[in-house]
There are 2 protein chains.
Amino acid sequence: MAKEDFTEYKLLSKIARLYYIDDLNQQKIAEKLNISRTKVSRSISRAKQLNIVSININSPADEFTELESTLEKVFDLKECLIVPWSENDTEIYRNMAVLVAGLFDRILADGDTLGVGWGATLKNISAYIEPLRKINIQTVPLLGGLGRSGIEVNTNAVASIIAEKYGGTSYAMHSPAVLDSRQARRIMEKDSSVAEIFKMAAGINTALIGLSDIGQQSTMIKTGNFSIEDFKYLESIGIAGDVNLIFINEEGQPVANDLDSRLLRLPADKLKNVKNIIGAAYGASKIKVLLGAMKGNLINILVTDEKTAGQLIKQA
Amino acid sequence: MAKEDFTEYKLLSKIARLYYIDDLNQQKIAEKLNISRTKVSRSISRAKQLNIVSININSPADEFTELESTLEKVFDLKECLIVPWSENDTEIYRNMAVLVAGLFDRILADGDTLGVGWGATLKNISAYIEPLRKINIQTVPLLGGLGRSGIEVNTNAVASIIAEKYGGTSYAMHSPAVLDSRQARRIMEKDSSVAEIFKMAAGINTALIGLSDIGQQSTMIKTGNFSIEDFKYLESIGIAGDVNLIFINEEGQPVANDLDSRLLRLPADKLKNVKNIIGAAYGASKIKVLLGAMKGNLINILVTDEKTAGQLIKQA
DNA sequence: GCATTATATGAAAAAAAATTCATTTTTTAT
DNA sequence: ATAAAAAATGAATTTTTTTTCATATAATGC
């Protein structure tokens with residue numbers, strides 16, 4: 001190392017130490033070392049640039065913030081929240097609920113309306129979520145009901161549980177999500193009680209939605225809303241899965257299909273207008289639909305587990 | 001870790017990462033996370049406090065900045081500069097010269113007057129120093145000459161070498177430092193050429209001075225200015241050594257003694273008024289006098305080697 | 001349950017830091 | 001050596017950050 005470089009590095013180290021370790025402000029450092037505060041400011045920048053100063057983030061709760069940060073950048077997300085992987089699904093749901101509670105605490109305010117989707121993940125998050133404080137929110141379903149007795153995944157239930165816990169008000173959509181015919185859907189859509197919910201849904205700032213794949217294990221098959229043939233058809237036209245019952249391909253584009261006209265849910269263009277669209281999903285089967293949902297901007301906040309997060313990065 | 005704590009730590013980690021790693025400003029973080037910038041600011045402070053953020057200083061030239069920082073605090077120094085220990089004295093002197101050059105670059109400005117002391121260390125620093133830039137300084141000796149032909153430690157020489165290298169002007173004190181009698185000293189002191197130098201010396205903002213012990217190997221014995229008996233006497237009255245020919249005890253107090261009245265040098269009270277008093281010395285024999293000089297505020301900037309620095313800390 | 005104390009909050013003010021810009025200094029090329 | 005280009009500098013401006021202060025929220029004791 002040349003003498004001048006040594007002298008420069010020595011000074012930069014000294015300034016960095018005084019600033020970061022001894023907590024002197026730049027004015028005081030300037031006075032102490034007999035240089036201008038401008039030079040101190042520039043020296044600190046330079047010391048950072050030269051990696052004389054290295055800053056690390058570490059905390060018991062920091063396990064995934066780096067991974068989260070990476071996901072946020074790669075998929076251009078507003079935010080990403082990751083829970084540890086576990087054999088135990090309940091463990092995952094509970095941890096997701098904790099993170100979503102932290103998120104809600106920041107992004108929801110009195111008077112806000114939260115839109116909710118459907119699915120096992122949402123049902124469980126709503127079951128385990130514990131508000132950090134009461135918030136007077138309104139909750140509305142973003143699609144009709146998909147549950148049948150015994151296989152309860154009703155959006156109305158999710159909406160009401162969350163609203164109750166937060167001390168807010170929930171609204172229900174009194175219609176199935178999948179109608180028998182285009183005509184039936186049109187009629188329900190115009191029904192004043194349903195129309196009112198969709199009007200509310202159009203004005204939400206936050207949505208918490210589920211994503212599903214079109215595998216044969218899908219809840220949508222179990223609920224009887226769709227048949228295996230329906231799913232085979234969807235697969236044949238390149239569908240990767242659905243986001244709030246919007247069928248999309250891997251690129252995140254909604255693909256026109258025979259089923260669409262019978263579905264009662266907030267459409268893609270309206271959903272994309274929502275400021276915070278929280279998509280919660282995990283597991284290998286959800287990779288494709290998650291990738292699509294992020295690419296197509298159908299979600300901008302991702303809640304998932306570490307395994308899924310890792311796979312998403314790989315396939316980005 | 002309790003759930004609320006986890007949530008708090010998670011948020012703090014996230015904020016810290018966005019701020020320190022991703023270089024977002026607090027405003028942007030606040031917007032992203034939907035919190036106030038005040039909270040972001042406070043969160044960053046808290047993250048630092050909780051050691052979620054750890055900052056390290058590292059550079060090839062940083063070997064001793066931590067030790068320097070410790071010395072500065074322990075001995076309330078304006079600054080401390082440490083060179084690596086070496087078997088080779090020349091190596092130490094050369095390195096000291098580099099550091100002193102860096103220091104001069106900061107603390108000396110055109111028109112400033114630098115006072116210089118005496119000793120092997122100063123002589124060598126002046127020999128090896130290479131200015132980082134030209135500075136139009138004036139240099140004045142802070143004591144009379146101690147050298148004899150063959151054993152040159154003359155302050156006039158030190159002053160003139162430094163001034164020449166920096167492109168400044170040097171002034172000489174045409175008198176020995178140790179006179180034969182009190183009377184002789186009084187006469188010299190009043191001599192206009194000497195008086196003028198002391199007048200200049202009283203107005204300096206920076207002094208570079210040497211420290212010596214009163215061991216039998218001392219240069220002062222070799223120069224013939226003092227006898228072994230003189231030193232034994234000084235030792236008997238508790239003298240630890242001298243700073244610019246001011247004899248002090250280990251507490252840094254100048255001790256009245258029979259020799260004082262024959263010495264021609266800037267006295268302690270005048271020296272203490274100087275803004276930057278750079279003391280350069282190393283080696284086991286200098287520990288006591290260094291401790292005294294720092295305690296008594298006869299120096300406020302220390303230049304030494306790592307070994308001596310370590311011993312000083314131990315005996316602090 | 002209610003009152004009291006402690007803690008947390010955000011808007012505004014103050015302080016600190018980064019950037020801009022005009023100038024000087026240093027380096028490089030001739 | 002001198003001129004031209006590049007880099008460094010510090011005062012002033014702008015931006016960012018911290019602190020203050022008044023208010024609101026939550027925790028604790030009675």
Side-chain angles (χ1 to χ4, degrees), chain A residues 2-5 7-12 15-50 53 55 101-102 104-112 130-137 165-168, chain B residues 2-5 7-9 11-12 15-50 53 55 101-102 104-111 130-137 165-168:
Chain A
K3 200 184 301 161
E4 312 77 51
D5 286 352
T7 305
E8 191 202 355
Y9 271 71
K10 177 111 192 175
L11 183 58
L12 292 181
I15 291 171
R17 186 171 293 279
L18 289 168
Y19 190 69
Y20 286 110
I21 310 297
D22 298 341
D23 283 320
L24 298 196
N25 67 34
Q26 299 187 357
Q27 176 73 61
K28 289 257 178 286
I29 296 170
E31 282 160 16
K32 181 178 165 73
L33 300 181
N34 243 276
I35 52 184
S36 71
R37 21 188 163 156
T38 308
K39 186 162 184 176
V40 175
S41 173
R42 281 194 268 248
S43 297
I44 291 166
S45 299
R46 193 157 160 68
K48 278 196 270 189
Q49 198 187 7
L50 293 169
V53 176
I55 303 181
F104 279 178
D105 188 56
R106 287 190 272 118
I107 65 178
L108 293 179
D110 285 347
D112 281 354
E130 287 173 36
L132 296 176
R133 63 187 165 96
K134 299 287 178 190
I135 311 172
N136 187 20
I137 50 170
K165 289 197 179 172
Y166 273 88
Chain B
K3 199 183 304 163
E4 311 77 52
D5 286 352
T7 305
E8 190 201 356
Y9 270 71
L11 183 58
L12 293 181
I15 290 171
R17 185 171 294 277
L18 290 168
Y19 190 69
Y20 286 110
I21 311 294
D22 298 341
D23 283 319
L24 297 196
N25 67 34
Q26 299 187 357
Q27 175 73 61
K28 289 259 179 281
I29 296 171
E31 284 161 16
K32 182 177 162 73
L33 300 181
N34 242 278
I35 52 183
S36 73
R37 53 201 130 133
T38 309
K39 186 162 184 177
V40 174
S41 173
R42 279 193 268 246
S43 296
I44 291 166
S45 300
R46 192 154 163 70
K48 278 196 271 191
Q49 199 188 5
L50 293 169
V53 176
I55 302 179
F104 279 179
D105 187 58
R106 285 189 274 118
I107 66 178
L108 292 178
D110 285 347
E130 287 173 38
L132 296 177
R133 63 188 165 94
K134 299 286 178 189
I135 311 171
N136 187 21
I137 51 170
K165 289 196 178 175
Y166 273 88

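We use all heavy atoms of the structure for the numbers below, so side chains are in, but hydrogens, waters and symmetry mates are not. On a predicted model such as this, the values are computed, not experimentally measured, just so you know. All chains are named by letter (A, B, ...) in the order of the sequence lines, taking the proteins before the strands, and each is independently numbered beginning at 1.
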Checklist line | Contacts of type side chain to side chain contact (heavy atoms under 4.5 Å, CB included), residue A/K165, not counting sequence neighbours | finding: A/I129, A/P131, A/I161
Next item on the list: Mind checking side chain to side chain donor-acceptor pair (under 3.5 Å) for A/N34 and listing every partner two or more places apart, or none if nothing turns up?
Entry: none
Next item on the list: Hey, which sits more toward the 5' end of DNA chain D by its nearest nucleotide, A/K134 or B/K48?
Entry: B/K48
Next item on the list: Using whole Å, report how far CZ of B/R46 lies from P of C/dT7.
Entry: 11 Å
Next item on the list: With sequence neighbours left out, write down each residue that passes side chain to side chain contact (heavy atoms under 4.5 Å, CB included) with B/L11, or none if nothing qualifies.
Entry: A/R106, B/I15, B/L33
Check: Whole Å only: how far is the CZ atom of A/R133 from the P atom of D/dA24?
Finding: 16 Å
Next item on the list: To the nearest Å, give me how far apart CG (A/L132) and C1' (D/dT25) are.
Entry: 14 Å
Note to self: In this structure, how many angstroms lie between the P atom of C/dT9 and the CG atom of B/N34, rounded?
What the structure shows: 14 Å
Margin query: Quick test of your reading: applying salt bridge (Lys or Arg N to Asp or Glu O under 4.0 Å), list the pairs with at least one residue in residues 15-35 of chain A, sequence neighbours left out, ordered by first then second residue.
Written below: A/R17-B/D62, A/D22-B/K73, A/K32-B/E72
Checklist line | Integer-rounded Å distance: C/dT9 C1' and B/L33 CG | finding: 17 Å
Item checked: Closest approach of A/N136 to A/G167 (non-hydrogen atoms, all atoms of both residues) -> OD1-O, 3.6 Å
Note to self: Just to verify, what does B/R37 make a salt bridge (charged side-chain N to carboxylate O under 4.0 Å, His left out) with, not counting sequence neighbours?
What the structure shows: none
Note to self: Report for the helix from C/dG1-D/dC30 to C/dT30-D/dA1: angle between first-end and last-end helix axes, five pairs each, rounded to 10 degrees.
What the structure shows: 50°
Check: Sequence neighbours excluded, which residues qualify as side chain to side chain donor-acceptor pair (under 3.5 Å) partners of B/D105?
Finding: B/R133
Item checked: side chain to side chain contact (heavy atoms under 4.5 Å, CB included) involving A/T38 - partner list, sequence neighbours excluded -> A/S36, A/R42
Notebook entry, point to check: So which heavy atom on A/F104 is nearest to which on A/I135, and how close?
Noted result: O-CD1, 3.9 Å
Check: In chain order, what residues pass the salt bridge (charged side-chain N to carboxylate O under 4.0 Å, His left out) check against A/K10, with sequence neighbours excluded?
Finding: B/E68
Next item on the list: Could you list the residues that satisfy side chain to side chain donor-acceptor pair (under 3.5 Å) with A/N25, not counting sequence neighbours?
Entry: none
Pull out every protein N or O sitting under 3.5 Å from an N or O of nucleotides 6-13 of chain D, one pair per line with the distance.
unit_1 : atom_1 : unit_2 : atom_2 : d
D/dT9  : OP1    : A/K39  : NZ     : 3.3
D/dG10 : OP2    : A/S36  : OG     : 3.0
D/dG10 : N7     : A/R42  : NH2    : 2.5
D/dG10 : O6     : A/R42  : NH2    : 3.4

Checklist line | Close residues, residues 22-32 of chain A, relative to DNA chain D [heavy-atom separation under 4.0 Å] | finding: none
